[in-house]
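We name chains A, B, ... by the order of the sequence lines, and we start the count at 1 in each one.
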Amino acid sequence: MPELPDVEHARRCLERWLLHKTLARVAASKTRLLRGSSVAALESLQGRRIENVRRHGKWLLVAFDGRQGLALHLGMTGRLSLERSRDPVRWSRAQLETAEGTRVHFQDPRMFGRLAAGSLARLRHELGLDQLGPDVWDEPPSAKVLGSALAHRRRAVKDLLMDQTVLAGLGNIQATEALWKARIHPARRAASLRLDEVRALIAAIRWTLARTLKSMGTPGDTTAAPPGSKAVFRVYGRAGETCPRCRTRLETMRIGGRQSAFCPKCQQAWRKRRR
DNA sequence: AAGTCTGTTAGGAT
DNA sequence: TATCCTAACAGACT
């Protein structure tokens with residue numbers, strides 16, 4: 001699940017569960033710590049109050065008093081959940097417990113997630129937040145800015161959209177959906193996009209992010225679709241089904257090792273750059 | 001039921 | 001430098 005909408009949802013959950021609370025206990029068993037961090041650093045957060053919960057791209061950053069921080073990446077299968085007394089929590093790799101007894105689990109079956117604690121300044125450096133591109137939801141680039149980021153790049157546009165140093169937050173699903181919405185073939189060379197196409201792409205990115213975010217509802221809303229439910233997506237994972245726009249049979253191809261669904265009619269590969 | 005697929009990213013090869 | 005590929009891991013699906 002964890003692309004921008006999922007991480008933003010997780011952020012809102014954390015805010016609801018932890019904001020202004022005191023962290024009484026933190027434990028990390030099998031979670032991989034970020035290089036340069038340690039369990040001792042995690043434990044030094046105990047007794048501190050949570051001041052805010054921010055997100056940049058797919059990273060979560062929890063700020064504590066004393067300029068300390070906890071950084072979290074959900075990796076490919078990570079999720080945050082509130083412990084309820086009923087069923088046991090599977091794949092819990094780390095636990096955060098407030099003085100009031102609220103217990104938050106970091107569940108991560110595949111263990112691609114990351115956790116780190118330390119001074120906020122040091123974390124920002126270690127995480128390479130300065131290496132990340134602008135957050136695609138909070139600070140979307142203008143067509144001109146994105147256009148120049150794509151110019152002179154030979155890689156497939158989809159591959160670049162998922163490059164976190166260009167734009168922070170998009171993953172395979174959101175990039176697939178946005179390109180379909182913007183009617184751009186995923187394998188197009190990034191440099192071949194015209195300015196009007198870049199403009200359409202930015203609008204399409206907002207469209208898919210807003211749509212996915214909305215489908216997840218607000219934290220605690222049990223009527224919303226469970227995160228990652230396929231129903232929201234128009235083309236992702238739907239190769240062989242028909243295009244919702246033109247009824248053409250959707251196809252899929254591999255780009256940068258990732259499966260990329262597209263509509264062969266709406267998303268033409270051979271539009272060449274107009275000079 | 002063995003084989004294939006999977007939402008990420010770091011790091012090494014080309 | 002830019003791009004491409006694979007490993008890290010464990011489960012779901014066909």
Where do N or O atoms of nucleotides 1-5 of chain C meet protein N or O atoms at under 3.5 Å, pair by pair?
from, atom 1, to, atom 2, distance (Å)
C:dT3, OP1, A:Arg154, N, 3.0
C:dT3, OP2, A:Arg153, NH1, 2.1

Which residues satisfy the salt bridge (Lys or Arg N to Asp or Glu O under 4.0 Å) test with A:Glu241, sequence neighbours excluded? A:Arg238
Secondary-structure stems for DNA chain C, with pairs counted as Watson-Crick or G-U when both distances are under 3.5 Å and runs at least 3 long: B:2-6 with C:10-14, B:8-14 with C:2-8
Polar atoms only, N or O, under 3.5 Å: list the protein pairs with nucleotides 11-14 of chain C and their distances.
from, atom 1, to, atom 2, distance (Å)
C:dG11, OP1, A:Trp91, NE1, 3.0

Pairs involving residues 127-136 of chain A, ordered by first then second residue, that meet salt bridge (Lys or Arg N to Asp or Glu O under 4.0 Å) (sequence neighbours left out): A:Arg55-A:Asp135
With salt bridge (Lys or Arg N to Asp or Glu O under 4.0 Å) as the rule and sequence neighbours excluded, what pairs involving residues 257-266 of chain A come up? none
Pick base, sugar-phosphate or nothing for A:Gln174, based on heavy-atom distances below 4.0 Å to the nucleic acid. nothing
With a cut-off of less than 4.0 Å, is there a side-chain N or O of A:Arg258 near OP1 or OP2 of B:dT8? yes
Tell me whether the NZ or CZ atom of A:Arg114 lies within the 45° cone about the ring axis of A:Trp59 and under 6.0 Å from its centre. no
Atom-pair distance (CE on A:Met76; P on C:dA7), nearest Å: 14 Å
Before accepting this row, confirm whether a basic side-chain N of the pair A:Glu177/A:Arg211 lies closer than 4.0 Å to the acidic partner's carboxylate O. no
May I ask you to say whether A:Arg155 pairs ionically with A:Asp163, meaning some side-chain N is under 4.0 Å from a carboxylate O? yes
